[in-house]
Asker: 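Take this structure, written in structure tokens, and hold onto it; I'll ask about it next.
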Amino acid sequence: NSHVYFDNVQNVTLTGNTFKWGVNDDGNGTRSPDYDVYLANSTAVVIQSNVMFEGAVKKSIVYDGRGENIVKDNLTHHKA
């Protein structure tokens, strides 16, 4: 699970966002999401200048490395 899920997309820009993990509204439950951004099978995607400090539980960005994309200059830190 992730805040943003991109699979088989093109010509998308994701910039200037802030991500934060959390639990249910009542404060109980499991922390989520596992990832801030999931990017796969995509091209012409820019993910840049986002604040992902403790935005996800496991990893900030999951990227398969395929396509011509830019993923840079994001402030990332996940809470283990």
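The analysis underlying the following values was restricted to heavy atoms, covering all of them including side chains, and did not include hydrogens, waters or symmetry mates.
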Asker: To the nearest 0.5 angstrom, please state how far the CD atom of Glu54 sits from the CG atom of Asp36.
Answerer: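 It is 11.0 Å, given to the nearest 0.5 Å.
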Asker: Could you grab the distance from atom OG of Ser42 to atom CG of Asp64, nearest 0.5 Å is fine?
Answerer: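 Going from the OG atom of Ser42 to the CG atom of Asp64 covers 7.5 Å.
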Asker: Mind listing the closest non-hydrogen atom pair of Thr43 and Glu68 along with its distance?
Answerer: OG1-N, 3.3 Å
Asker: Mark yes or no for whether Asn69, through its side chain, and Ala44, through its backbone, hold a donor-acceptor pair below 3.5 Å.
Answerer: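 The answer is yes, because a donor-acceptor pair under 3.5 Å joins these two groups.
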Asker: Please answer whether the main-chain N or O of Ser32 pairs with a side-chain N or O of Asn1 as donor and acceptor at a distance below 3.5 Å.
Answerer: no
Asker: Could I get the full list of ring-ring contact (aromatic ring centres under 6.0 Å, His included) partners for Tyr63, not counting sequence neighbours?
Answerer: none
Asker: With a 4.5 Å limit on heavy-atom distance, are the side chains of Val62 and Val37 in contact?
Answerer: no
Asker: Could you list the donor-acceptor pairs under 3.5 angstrom formed between side-chain atoms of residues 5-19 and any protein atom two or more places apart in sequence or on another chain?
Answerer:
residue, atom, partner, partner atom, Å
Asp7, OD1, Asn41, ND2, 2.9
Asn17, ND2, Thr15, O, 3.1
Asn17, ND2, Asn50, OD1, 3.1

Asker: Output the distance between atom OH (Tyr35) and atom NE2 (His3), rounded to the nearest 0.5 Å.
Answerer: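 It comes to 13.0 Å.
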Asker: Between Asn24 (side chain) and Asp26 (backbone), is there a donor-acceptor pair under 3.5 Å?
Answerer: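 A pair under 3.5 Å: no.
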Asker: List the atom of Ser2, the atom of Pro33, and the distance in Å for their closest heavy-atom pair.
Answerer: CA-CB, 3.8 Å
Asker: Nearest 0.5 angstrom please: Met52 CE to Lys59 NZ, how far?
Answerer: 12.0 Å
Asker: Going by heavy atoms in the side chains, are Ile61 and Leu39 under 4.5 Å from each other?
Answerer: no
Asker: Testing the basics here: between Gly29 and Val23, what is the closest heavy-atom pair and its distance to 0.1 Å?
Answerer: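 For Gly29 and Val23, the tightest heavy-atom pair comes out as O-CG1, 4.0 Å.
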